[in-house]
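Input: a single structure, listed below in structure tokens.
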Amino acid sequence: MVFLVISMLVVTVLGVAVVGVVAVPAHRGGRDLLTPKGEGVARSARRRASTWNRRTTARLP
């Protein structure tokens with residue numbers, strides 16, 4: 001079980017490292033990280049999350 005947890009942590013760290021090596025320099029170079037379709041999906045998700053947050057916050061006593 002310990003081996004499984006350590007393996008999952010190693011894979012997660014490697015994934016973050018790959019994203020850092022690829023995305024951060026691209027962003028600093030002025031390139032967008034998402035395609036126009038991806039930007040639309042992210043915008044839609046933000047809108048839905050904010051709507052959900054307003055509805056849930058309004059129900060609190």
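No experiment lies behind these values; they were computed from the predicted model shown.
The two residues Gly20 and Pro25 come nearest to each other via the heavy atoms O-CD, 3.3 Å.
Using a 4.5 Å cut-off between side-chain heavy atoms of Ile, Leu, Val, Met, Phe, Trp and Tyr, Leu9 falls into a hydrophobic cluster with Val5.
With sequence neighbours excluded, the residues forming a side chain to side chain contact (heavy atoms under 4.5 Å, CB included) with Leu4 are Met1, Met8, listed by chain and number. In terms of the side chain to side chain contact (heavy atoms under 4.5 Å, CB included) criterion, residue partners of Ser7 (sequence neighbours excluded) are, by chain and number, Phe3. With sequence neighbours excluded, the residues forming a side chain to side chain contact (heavy atoms under 4.5 Å, CB included) with Val10 are Ile6, Leu14, listed by chain and number.
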